[in-house]
Protein chains: 2
Amino acid sequence: MKDYKQEGSKGCEHCIWNNSCIGSKLLEYAPYIKIFQSHMLSVNEHVFNTGDILSTLYVIKSGAIKIYVTNDSGDEQVLNFSLPNDVIGLEGYDSDQYVSSAIALHTSSVCAIPLAEVKKILNEVVPEWLLKLALDNFKRHGRNISLLNKKKAKSRIAAFLIDTADNCKSLGCSGKDFELSMSRDDIGNYLGLASETVSRTLTQLQQEGWVKMERRQVTIVDIPHLSEAAQHR
Amino acid sequence: MKDYKQEGSKGCEHCIWNNSCIGSKLLEYAPYIKIFQSHMLSVNEHVFNTGDILSTLYVIKSGAIKIYVTNDSGDEQVLNFSLPNDVIGLEGYDSDQYVSSAIALHTSSVCAIPLAEVKKILNEVVPEWLLKLALDNFKRHGRNISLLNKKKAKSRIAAFLIDTADNCKSLGCSGKDFELSMSRDDIGNYLGLASETVSRTLTQLQQEGWVKMERRQVTIVDIPHLSEAAQHR
DNA sequence: CGGCGTGTTGATGTATGTCAAGCGGAGTGG
DNA sequence: CCACTCCGCTTGACATACATCAACACGCCG
């Protein structure tokens, strides 16, 4: 993306969104923020890429932006289509890199907000526990998407198992052994699969030797293979 | 759910999660909150139901809770499985009713937090624009789920069209006529379908007379039928 | 032991993916 | 202005993964 400082901005008072935009609210709240400029993007121009240093959030002023990630095999996974008034780039808030890529579908314009300023305000204003609550929700959002928009049952189930294991781990379990608390029916409903397919796929994963299962008790044996399966769409 | 005030609580200092729980952080931050009690749930007991008056949030202390909605035809749609330390009930924050149901998968225990207190704190502490940002994300989360875990292409596409129309409407368009900003490829990728399937399904929807399309220009003709199709899993 | 809920497995139909051909608008160059 | 190409989209033919229906196995509890 071009250096947005090159692009002059006349400030929010000249913007068509004037004071309805969420960015201008921020400015209102913290008027000392200086760098806050409008920037044009042409079709297929990236706003940011996965892995880029995350120092700026963007508010979309006009146009449409596609948010996506690419897996190791290089194929793309659309996470969202963002429209005017949306804030993008926030998903990586607690890392220092963008965790997704953003590309313009139309000629679009965005306003840049320095993340450092936002962080400062947030830390001043918002209690830490509350921030954690919000961020957890962001993350869950991303996880759910990546569970659900896979095409193959095997990928979904593998992703589901890994996700569940991660959850369990963050609650203090081993991360390899855990107990599913829900029925095959519930899993199927959640993942958009028939319960029979869940059942079959689980036995298949066992036959491959990637997991062991006894009723709802799960042991993950081969994390690499399971992760790889989870990547495939 | 039983009246949680019946269930004595010894307070957070006796809880196994002691001060790591997000609820206790809230208590720390606003010590005047009195009603904050632990409550046991047996298997298949509801924490709350869609449509119930939303006056309480719950922090899960132990066990597992299934969050789901039911459509008009009565069939269930699992949105999430919530685990200890998760906060549930928040999705309806800006309505006054729960927008989903929550049922215990195991014997579980939860702590109740009066939403009024939380709202008071939030309003004192968090700028409105920031709250909106977080809530928008909650909503998008829910929308994405309901787009993605449908089984049939027709449902997904119908839901996608309605969602897009709604988005457009909230940006000031008619809500019936709008332009898709993304390719069939992108739509398919987003919805977990092949682009050919997107194409075919769109022409099918046209043949049914529910939408008119010309390239990326969409006119929604029969909202009732389209919505009905969107409901079906 | 017998019944019930949950999970597994098999047989079959169907929706969707995949491959491939062709269409049509948009842009380009003569 | 027309011919040409390119790209996105559509349509068709076929393969396949999954849903559905049904039978059965297993653990659980009375």
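Per chain, numbering begins at 1; letters A, B, ... match sequence-line order. Note that the coordinates shown come from a computational prediction; the quantities given were computed from them, not determined experimentally. Computed over heavy atoms, backbone and side chain alike; hydrogens, waters and symmetry mates excluded.
Residues forming a side chain to side chain donor-acceptor pair (under 3.5 Å) with A/Thr201 (at least two apart in sequence, or on another chain): none. Taking the salt bridge (charged side-chain N to carboxylate O under 4.0 Å, His left out) definition, one finds that B/Glu228 meets it with nothing, sequence neighbours left out. Residues passing the ring pair (Phe, Tyr, Trp, His ring centres under 6.0 Å) test with A/His106: none are found, sequence neighbours excluded. In this view, A/Phe81 and B/Tyr190 satisfy the ring pair (Phe, Tyr, Trp, His ring centres under 6.0 Å) rule, not counting sequence neighbours.
Summarising the geometry, the separation between CG on A/Leu105 and P on D/dC7 is reported as 18 Å, rounded to the nearest angstrom. Rounded to an integer number of Å, the gap from B/Met182 CE to D/dG8 P is 15 Å. For A/Gln206 and C/dT8, the CD to C1' distance is 11 Å, given to the nearest whole Å. As rounded to whole Å, 13 Å separates atom C1' of D/dC9 from atom CG of B/Leu180. To the nearest angstrom, P of C/dG7 lies 13 Å from CD1 of A/Ile157. B/Ile187 has its CD1 atom 14 Å from the P atom of C/dG17, to the nearest Å. Atom CG of B/Asp185 is separated from atom P of D/dT10 by 11 Å (rounded to the nearest Å). For the pair A/Arg216 CZ and C/dT8 P, the computed distance is 10 Å after rounding to whole Å.
Residue B/Arg156 is classed as having no contact, given no heavy-atom separation below 4.0 Å to the nucleic acid.
Counting heavy atoms from C-beta on, the side chains of B/Ile65 and B/Leu41 come closer than 4.5 Å.
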Pairs under 3.5 angstrom only: tabulate donor-acceptor contacts from the side chains of residues 97-104 of chain B to other protein residues two or more places apart or in another chain.
| from | atom 1 | to | atom 2 | distance (Å) |
| --- | --- | --- | --- | --- |
| B/Gln97 | NE2 | B/Gly51 | O | 3.4 |
| B/Tyr98 | OH | B/Thr56 | O | 2.5 |
| B/Ser101 | OG | B/Thr50 | N | 3.0 |
| B/Ser101 | OG | B/Thr50 | OG1 | 3.0 |

Annotated protein contacts, base or backbone, on nucleotides 11-30 of chain D with a non-hydrogen cut-off under 4.0 Å, one of B, S, - each: BBB----SSBB---------
